[in-house]
Novice: 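One structure is given below, represented as structure tokens, and several questions about it will come after.
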Amino acid sequence: MNNWRENDSKSVWHPFTAVNMDTVNVPIVRGEGAWLLDADGKRYLDAISSWWVNLHGHCNPYIAKRVAEQVMKLEHVMFAGFTHEPAVELATRLLEKMPEQFTKVFYSDNGSTAVEVALKMSFQYWFNQGTPKRKVIALEDAYHGDTFGAMAVGGRGVFSKPFDPFLFEVEFIPTPVSGKESECLDRLSQLIEKEEVASFIYEPLVQGTAGMQVYSSAVLDKMISMCRDKGIVIIADEVMTGFGRTGSLFAMDQCEEKPDLIALSKGITGGFLPMGVTVCTEQMHQSFWSEGEEGKMKTFLHGHSYTANPLACAAGCASLDLMEKPETWESIRRIEQQHTKFALEAAELSGVAAVRHKGVILAIEYGTGSQTGYFNSLRDRLYDFFMERGIILRPLGNIIYIIPPYCITEDELNLVYSAIREFRI
Ligand SMILES: *Cc1c(COP(=O)(O)O)cnc(C)c1O
């Protein structure tokens, strides 16, 4: 198609994009390593892994090869009544990397569906036992996705406003960032004393969309163990934190206490194909089991057309192969060290109000006086400043963050730091 660039604004509706702004979307024609190339030949360093999905670089040749092999064998088959090797291999290998109580993997398409599945499983867990419960506890400013259930357990604000009347009721407690731990724990203990709570959902250790808010594994352990004592179903949304982002394969690896359900997506296929999974414990799975006819009534009646797509599963297995390589972990450690060093420097830069880092994630928050939030004018200035310099840093309001593919080199990461140094508020 010759005029595809012109036809973009005519025929395509882009996400999170105001329709009155005549936004020109950058036409990307190639990806290689940490770089994207546009139709005019300009290169962009993808410092945020294309919305956090890309782990090993664009067009990683190994994953590309594995997906190409799979596409010649089996592109798709419905997943009820049928199965295939890539789905079984990926599930088996994911479970091998988790504590032994996790025994089943349920496939879906994306992060939001992985969360929806976890929520529906938790409600049906109680329903199947004849003691339905409907209260959910979540963290303030949480983000769990854009479908209705996922939206309901996310912090309410400008994104959810048109839909607020349709969202089920959720009790939000403060995120236990430093200084707010005891407020959070007090609120949690009051809630679980007086309410019949079905589940507790959280983004472990780092709340991504909230601006990379970091909190400690110690306080999370306390929260989980309080919920555990009451039999509350514990749901970890590791859609962003999974696959090395916090410095361990999963964020839960840094905690003593484990959840009952885990939502994974984003990095799971190395950024090649859409996929979500919900991992569950044997105890959760058992609550869907019953003898004979009664068993049918307990079935989890949920599925998506593209459930366990073989190409996505093949990409997932290939990405796991790369996650198992020592070189990948050497890169993760090196990125962590570079971030740790730059964080000290960044805290002294003019206009910087706070710096947070965890694993390969580094967030820098600029002070804005009274104006904060997603629609802050500083957001556009930041975005444009870095794009002009060929660096993709899509800010969350007045907060910029780096969450790079692990193939980013020391020099490439230094390019990002240099640009940040140059920015004047
Ligand atoms: C991105 C994200 C989601 C939603 O995933 P999608 O694939 O965009 O639907 C859910 N939870 C967390 C923590 C996320 O970062």
Side-chain angles (χ1 to χ4, degrees), residues 14-17 48-55 106-122 136-157 159-160 163 167 170 172 175 177 199-215 220 234-246 250-252 255 259 261-279 302 304 306-309 312 315-316 319 356 358-361 363 374 394-397 399 401-404:
H14 287 262
F16 305 115
T17 306
I48 61 162
S49 301
S50 284
W51 267 341
W52 325 349
V53 301
N54 192 297
L55 295 187
F106 190 97
Y107 285 103
S108 60
D109 307 320
N110 58 66
S112 304
T113 56
V115 168
E116 295 285 339
V117 165
L119 290 168
K120 284 178 73 173
M121 278 180 179
S122 69
V136 181
I137 299 178
L139 300 180
E140 280 169 10
D141 304 323
Y143 180 75
H144 296 292
D146 285 347
T147 53
F148 270 93
M151 228 186 343
V153 292
R156 305 295 157 85
F159 283 69
S160 69
F163 317 106
L167 302 180
V170 173
F172 292 99
T175 304
V177 292
S199 62
F200 166 49
I201 183 165
Y202 58 93
E203 296 158 83
L205 307 188
V206 184
Q207 266 190 323
T209 305
M212 304 294 166
Q213 300 289 342
V214 178
Y215 62 95
L220 181 56
I234 295 152
I235 305 171
D237 178 352
E238 294 232 23
V239 169
M240 188 278 283
T241 54
F243 304 100
R245 292 311 195 176
T246 65
F250 304 110
M252 73 166 175
C255 299
L261 293 162
I262 307 161
L264 297 170
S265 184
K266 291 211 163 103
I268 193 168
T269 63
F272 268 65
L273 286 145
M275 181 158 76
V277 304
T278 309
V279 183
H302 182 110
H304 299 278
Y306 281 96
T307 293
N309 174 256
S319 180
R356 297 180 281 275
K358 178 88 193 164
V360 301
I361 305 164
Y374 190 80
R394 193 184 157 89
L396 295 157
I399 300 164
Y401 62 89
I402 307 173
I403 176 167

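Counting starts at 1 for both ligands and their atoms, in listed order. Not measured: the values here are computed from a predicted model. Below, all heavy atoms of this structure are taken into account, side chains as well, without hydrogens, waters or symmetry copies.
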Novice: How far is atom 9 (O) of ligand 1 from its nearest protein heavy atom, and which residue and atom is that?
Specialist: Ser112 OG, 2.5 Å

Novice: Any idea which protein heavy atom is nearest atom 12 (C) of ligand 1, and the distance to it?
Specialist: Asp237 OD2, 3.4 Å

Novice: Verify the distance criterion only: is there a donor paired with an acceptor across the side chains of Thr175 and Gln207 at less than 3.5 Å?
Specialist: yes

Novice: Treating Ser49 as the side-chain partner and Ile403 as the backbone partner, does any N or O pair qualify as donor plus acceptor under 3.5 Å?
Specialist: yes

Novice: Ignoring hydrogens, what is the shortest heavy-atom contact between Gly267 and Ser319? Give both atom names and the distance.
Specialist: O-OG, 3.9 Å

Novice: Examine distances only and state if a side-chain atom of Arg356 and a backbone atom of Val206 form a donor-acceptor pair shorter than 3.5 Å.
Specialist: no

Novice: Met240 heavy atoms, cut-off 4.0 Å: which ligand 1 atoms fall inside?
Specialist: 15 (O)

Novice: What protein heavy atom is closest to atom 14 (C) of ligand 1, reported as residue, atom name and distance in Å?
Specialist: Lys266 NZ, 2.9 Å

Novice: With atoms numbered from 1 as shown, which atoms in ligand 1 lie under 4.0 angstrom from a non-hydrogen atom of Gly111?
Specialist: 4 (C), 5 (O), 6 (P), 7 (O), 9 (O)

Novice: Within this structure, what is the OG1-CG distance for the pair Thr278 and Asp237, rounded to the nearest 0.5 Å?
Specialist: 9.5 Å

Novice: Would you say the side-chain atoms of Thr269 pair up with the backbone N or O of Phe272, donor to acceptor, closer than 3.5 Å?
Specialist: yes

Novice: Answer with side chain, backbone, both or neither: which part of Glu203 has a heavy atom less than 4.0 angstrom from an atom of ligand 1?
Specialist: side chain

Novice: Need the ligand 1 atom indices (1-based, order shown) with element for anything under 4.0 Å from a heavy-atom of Trp52.
Specialist: 15 (O)

Novice: With heavy-atom distances below 4.0 Å as the criterion, list the atoms of ligand 1 near Gly145.
Specialist: 4 (C), 10 (C)

